[in-house]
Amino acid sequence: MGAAIEKVAVCGAGAMGSGIAQVAAQAGASVLIFDVNAQALETSRTRILADLDKLAARGKLSEDEARAIGERMQWVSALDALADRELVIEAIIEDAGIKGELFERIEAIISPDALIATNTSSLPISRLAQGLKQPERFVGMHFFNPATVMKLVEVISGAATDPAVAKRIKAAAESWGKVAIPVADVPGFIVNRVARPFYGEAFTALNEGAADASAIDALFRAAGFRMGPLELTDLIGQDVNFAVARSVFDSYFGRARFVPQLRQAALVDAGWFGRKTGRGVYDYRDGAIKPVDPQAADAPVTDVQRQAVAVLTDAAPGTFLRCGALFVGMTRGLTARQESRILGAPVILFDWSPADATGPIGFTLSEESAHPDALGLLAAQSRAGVEIADRPGMIVARTLAQLANAAADAVLEQVADEQGIDAALRYGANYPYGPFAWADRYGRGALVSLLDNIADGTGETLYRPSHYLRNGA
């Protein structure tokens, strides 16, 4: 059972199935793509061969390599053609009943030593394996779209999955150039579970009027993310993203960490699903005004402000520096007004941002009279500023803290280890750093304090630190 897998079949000729098939073929496997829909098969064939031609034109493949890959692939409409396959990967509609029927048909024709994998993104592996005579050879193999680009594969073992099968699937994915992470069979696996706060916190901030949508997204791009959370939900589709949020919340029996957001539900109810419908968080219709990122502050800068910025760049959360008649520091979860009462002077608070960031940074004030000083501090950094409502944890720090909180819960519940979760978020969601890498950067003890302060300030238990974080701080 440990030999390299050379004969692969993919059931489902849609975008995901075609992508998986292309990945396997490019790695040297012989691949069959099965679908009962003749048009889907033809579309898949056209798409893959065109993509191979593009790769050859760009010098990523030679013309001979592209031709050989295409020749290793066949598109079939008869399930019996899969009889000699060593691995069959299912990538069809996300319906447990339909999938189950297909698995039983596959099992009846393939060799007893052959493996069956599902690309499900949400259905329990153990449930899908129930109807099989050999559930030990069934495993989750969750690719991310587009499969030819995204490097992550979550390898999910159900209750009956033979560890040797999971190990072999992991090795196969890695031989195809993927980052394969073992995952327990839990709702959302790693990425769809741990990433929930990235979207949820953005909608919470928007609903509370902490900042407008374009400013929220700009803050996250400045923190290293390719897209902000709100524009990303418009790209994914509000209907799709909200359905995942509801599914995860329901699957965990209403756990507060995963509570869906009413602001997003309102978009779904209105039919504003994002780019595909022309409206979502943003307006994509012809003639709509496009959001513009904040511009760098243009204000006089004092020597004291330059010195304060130089020190604060590497200062720990909770460090406050006297800057004239006021104090300046990075958020530790208290509001600016709370910090002002503690320090006995006006306070300017900055949101968390990487030390080498050049884009906009969030700030909030204990009183409006500090605004000119805030502009001076921003000008000293040559950065734009986004004034945030005075709220516990601000925006970026609160979101990243909750991502780390969700990740810590996942380790505590043995979903995966720290390294696996960080890799999953980096390669499956394109995060610039994993939640544990960020926790180490912020300081785990400081993170626990940050979360406790946010929980106290909001009165919401969902922000209480995971026992995993608290015990390790």
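No hydrogens, no waters, no symmetry mates; every other heavy atom, side chains included, goes into these values. Worth saying up front: this structure is predicted, and the values here are computed from it rather than measured.
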Lys/Arg N to Asp/Glu carboxylate O, Arg275 vs Asp234, below 4.0 Å: no
Checking side-chain contact (heavy atoms from CB on, under 4.5 Å) between Cys323 and each of Leu377, Asp373, Val347, which is the one that passes? Leu377
Taking only Lys NZ, Arg NE, NH1 and NH2, and the carboxylate oxygens of Asp or Glu, determine whether Arg306 and Asp303 approach each other closer than 4.0 Å. yes
Would you please name every residue forming a salt bridge (Lys or Arg N to Asp or Glu O under 4.0 Å) with Arg464, sequence neighbours left out? Asp452, Asp456
Heavy-atom side-chain contact between Phe249 and Arg255 under 4.5 Å: no
Calculate, to the nearest 0.5 Å, the distance between atoms CG and CZ belonging to Asp185 and Arg127 respectively. 9.5 Å
Quick check on side-chain contact (heavy atoms from CB on, under 4.5 Å): which of Leu349, Leu326, Val328 does Phe320 satisfy it with? Leu349
With under 30° as parallel and over 60° as perpendicular, where do the rings of Phe350 and Phe363 fit, or are they tilted in between? tilted
Of Asn471, Val448, Asp409, Leu451, the one forming a side-chain contact (heavy atoms from CB on, under 4.5 Å) with Ser466 is Asp409
So how far is it from Phe273 CZ to Leu267 CG, rounded to the nearest 0.5 Å? 10.0 Å
As an exercise, state the distance from CE of Met330 to CD1 of Ile361, rounded to the nearest 0.5 Å. 8.0 Å
State whether a side-chain donor-acceptor pair under 3.5 Å links Arg332 with Thr319. no
If I take atom OG from residue Ser157 and atom NZ from residue Lys167, how far apart are they, to the nearest 0.5 angstrom? 12.5 Å
Got a salt bridge between Lys170 and Glu174, using NZ or NE/NH1/NH2 to carboxylate O under 4.0 Å? yes
Lys/Arg N to Asp/Glu carboxylate O, Asp440 vs Arg444, below 4.0 Å: yes
Are Phe198 and Phe225 an aromatic pair, judged by ring center distance below 6.0 Å? yes
Are side-chain heavy atoms of Met150 and Asn430 found at a separation under 4.5 Å? yes
Does any non-hydrogen side-chain atom of Met227 lie less than 4.5 Å from one of Leu235? yes
Would you please say whether a donor-acceptor pair under 3.5 Å links the side chains of Ser340 and Glu367? no
Checking side-chain polar atoms at under 3.5 Å, does Thr233 have a donor or acceptor matched by the opposite partner on Gln264? no
Taking the side chain as C-beta and beyond, is there a heavy-atom pair between Thr364 and Glu387 under 4.5 Å? no
Considering only NZ, NE, NH1 and NH2 on the basic side and carboxylate oxygens on the acidic side, decide whether Arg193 and Glu154 come within less than 4.0 Å. no
Would you kindly say whether Tyr463 and Arg398 are connected by a side-chain donor-acceptor distance under 3.5 Å? yes
For Tyr282 and Asp217, test the side chains for any donor-to-acceptor distance below 3.5 angstrom and give the result as yes or no. yes
Verify, without hydrogens or angle tests, whether Lys178 (side chain) and Ala147 (backbone) share a donor-acceptor contact under 3.5 angstrom. yes
Can a side-chain donor-acceptor contact be found between Asn241 and Gln238 if the only test is distance below 3.5 angstrom? no
Do Glu339 and Ser366 touch side chain to side chain, with heavy atoms closer than 4.5 Å? no
With heavy-atom distances below 4.5 Å as the criterion, would you say the side chains of Phe189 and Val155 are in contact? no
Tell me whether Arg221 is salt-bridged to Asp293, with the criterion being a basic N under 4.0 Å from an acidic carboxylate O. yes
Can you find a side-chain donor-acceptor pair between Tyr468 and Glu418 that sits under 3.5 Å? yes
Please tell me whether Glu90 and Thr118 have a donor and an acceptor in their side chains that are separated by less than 3.5 angstrom. yes
Taking C-beta and beyond as the side chain, do Tyr199 and Ile236 meet within less than 4.5 Å on heavy atoms? yes
For the CG atom of Asp390 and the OG1 atom of Thr335, what is their distance to the nearest 0.5 Å? 4.5 Å
Over 60° means perpendicular and under 30° means parallel, so tell me whether His142 and Phe144 are parallel, tilted or perpendicular. tilted
I'd like to know if the side chain of Asn207 pairs up with that of Gln261 as donor and acceptor (distance under 3.5 Å, no hydrogens or angles considered). no
Note, Trp176 side chain near Val8 side chain (heavy atom, < 4.5 Å): yes
Listed by chain and number, what are the side chain to side chain donor-acceptor pair (under 3.5 Å) partners of Lys276, not counting sequence neighbours? Asp239
Rounded to the nearest 0.5 Å, what separates atom CH2 in Trp272 from atom OG1 in Thr277? 9.5 Å
